[in-house]
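Values in this document were obtained by computation on a predicted structure and should not be read as measured data. We number each residue from 1, following the sequence as shown.
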Amino acid sequence: MRIETDLKLGFKDVMIRPKRSTLKSRSEVSLERNFNFLHSTASWTGIPIMAANMDTVGTFDIAVVLAKERLFTAIHKHYSVQEWDDFLQNVTPDFYNYIAISTGTGKEDAAKIAQIIKSNPLLKFICIDVANGYSEHFVRFLKQTRKQYPEKVIIAGNVVTGEMTEELLLAGADIVKVGIGPGSVCTTRIKTGVGYPQLSAIIECADAAHGLGGHIISDGGCTTPGDVAKAFGAGSDFVMLGGMLAGHTESGGELIEVNGEKFKQFYGMSSATAMDKHSGGVAEYRASEGKTVQVAFKGNVINTILDILGGLRSTCTYVGASRLKELTKRTTFIRVSEQENQIFSK
C-alpha cells in the first residue's frame, strides 16, 4: 500500500482565467480540428465532440444529426448486423468520418464487428470499449484488432493514468479513452472505490499520449459547456458526452410521462437496467456499477449541440484562442472553492 499526496482535480475544482484577446466576435473562432493518427494512415477533420457509445446516447438517430455538424458518434454495440447494414445503405461516404463501431473484447464481439466491417468496408473507426482498460486480456484484444485492421483508426479505453495510456498506444490504439467513474450514471467509484478526478486524468494522459504522437478522449464528467471547455483546455483532443446528450428526441431510452411532464430513461451501460436488457441480468459474481435515472425531455438534440458549441466558442474568445487547437496553450486554470452563484438554482 502507498499513498500519493499530489493534488488531483476535477472540473468543479477549477475555472479558466481570462486573458487579453484580439477577437471581436465568437464567429471568428474555428472549432474544427485536423488529426493524423499514430498507426492508421487515415486523417480526420471535424469538431472533436463525441456522443458516447451508450444505447441511450450513441444511436443512429443521434449520429445523423451530429454528422451534419461534423461531430462524432461512437455507435453503441447492441445494434445487430442487419440493423447496421440497413442503416448504412442510406448514408454518404462522408458520413463514415463521423461514426465508430463499438465492441467489447469477447470472441462473439470480434466476430460481430468482423461481419459488420466485411459488409461495410468504408467504416473507418473501431471503438474497443471496456470499463477496465488495465487488464492484460484487453491489451491482447487490442493488439489482435490492430493486426486484423491495420488501416482502421482504433479507439481504446478506459484508463486514467499516463503509463497505461502509453501501453495502449504502443499496443495499437490511435486514440485512448480516458475516464473511470466520472459519468453521471456511473457508480464505479461508489461500488469499488476506484477512480481518478477527471481533469487531472486528462492532463496526465494527454501528456503521455502526445509524447508518443497519440490522442485522447475525455470520457465522462461534463455537465455543462464550461466543463467541455475545461476538458479541451486541459489537453484532451476529443470530448465524449453521455448525460448531456441524453433525454432528446433522437436519444435512446423509453419516453415516460409523469404528471404531464415528459422524461426519457437514461442508464449506465454497467447498470442493472442495461444488463437486464442485453446480458440476461447481473451475473452473480459482479455488482451493478451504474444507475438508471429519468431525464427531463429536452426536445431535439441540435439545440443542445448548438448551446455547447456556442459556449465553447465563447471560452475561446475569453482567452484569445482563434482556433480550438490553441485553447490548451491559452488556458490557465485557477483553483476555486465555488463555481457559481446558486441563489436561484432549484
Side-chain angles (χ1 to χ4, degrees), residues 50-58 73-79 100-114 116 125-149 152-183 185-196 198 201 205 208-209 214-221 238 240 242 267-275 277-283 285-291:
M50 294 182 163
N53 49 320
M54 309 167 77
D55 65 8
T56 46
V57 179
T73 302
I75 305 292
H76 71 76
K77 69 178 183 179
H78 299 291
Y79 283 117
I101 179 173
S102 298
T103 180
T105 58
K107 290 182 179 179
E108 291 181 0
D109 294 313
K112 182 178 177 181
I113 63 163
I116 294 170
F125 290 81
I126 299 171
C127 179
I128 309 173
D129 181 65
V130 299
N132 178 7
Y134 287 78
S135 74
E136 290 184 8
H137 168 74
F138 175 69
V139 176
R140 285 196 298 269
F141 187 90
L142 168 59
K143 289 179 178 178
Q144 181 57 41
T145 305
R146 170 53 65 199
K147 185 177 179 181
Q148 189 171 354
Y149 305 104
K152 305 296 184 187
V153 181
I154 298 179
I155 301 165
N158 281 30
V159 299
V160 289
T161 52
E163 71 272 10
M164 202 65 201
T165 298
E166 291 172 348
E167 182 166 347
L168 296 185
L169 290 168
L170 294 172
D174 295 293
I175 311 171
V176 174
K177 201 142 70 76
V178 172
I180 291 180
V185 286
C186 180
T187 59
T188 294
R189 294 176 180 179
I190 296 168
K191 290 292 181 74
T192 70
V194 175
Y196 210 100
Q198 188 66 4
C205 295
H215 298 83
I216 69 161
I217 301 167
S218 171
D219 176 19
F238 295 84
M240 180 172 273
Y267 47 84
M269 295 310 291
S270 292
S271 66
T273 301
M275 286 189 277
K277 183 176 180 180
H278 302 297
S279 307
V282 182
Y285 60 83
R286 64 176 296 175
S288 163
E289 292 181 26
K291 55 188 170 184

Value rounded to 0.5 Å, distance of [atom1] in [X] from [atom2] in [Y]:
X      : Y      : atom1 : atom2 : result
Glu166 : Cys205 : CD    : SG    : 9.5 Å
Met240 : Phe238 : CE    : CZ    : 9.5 Å
Ser102 : Ile128 : OG    : CD1   : 10.0 Å
Ile175 : Leu168 : CD1   : CG    : 12.5 Å
Ile217 : Cys127 : CD1   : SG    : 6.5 Å
Thr103 : Ile75  : OG1   : CD1   : 14.0 Å

Answer yes or no: is there a side-chain heavy-atom contact under 4.5 Å between [X] and [Y]?
X      : Y      : value
Val178 : Ser218 : no
Val159 : Tyr196 : no
Arg146 : Ile154 : yes
Ile101 : Phe125 : no
Leu169 : Thr165 : yes
Tyr149 : Ile126 : yes
Phe138 : Val130 : yes
Asn53  : Lys177 : yes

### Task
Measure the acute angle between the ring planes of Tyr79 and His76, then classify it against the limits of 30° and 60° as parallel, tilted or perpendicular.
parallel

### Query
Going by an N to O cut-off under 4.0 Å, is there a salt bridge joining Lys77 and Asp129?
no

### Task
Take Val139 and Met164, measure what side-chain contact (heavy atoms from CB on, under 4.5 Å) needs, and give me the verdict at the end.
CA-CA 10 Å; Val139 176; Met164 202 65 201; 3.7 Å; yes

I need the minimum non-hydrogen distance between [X] and [Y], along with the two atoms involved.
X      : Y      : answer
Gln198 : Arg189 : N-NH2, 4.4 Å
Asp219 : Asn158 : OD2-ND2, 2.9 Å
Ile180 : Tyr134 : CD1-CE1, 3.9 Å
Ala100 : Ile155 : CB-CD1, 4.4 Å
Phe141 : Ala110 : CE1-CB, 3.9 Å
Ala173 : Ala156 : CB-CB, 4.0 Å

### Task
Starting from the C-alpha separation in whole Å, work towards a yes-or-no answer on side-chain contact (heavy atoms from CB on, under 4.5 Å) for Asn132 and His137.
CA-CA 10 Å; Asn132 178 7; His137 168 74; over 6 Å; no

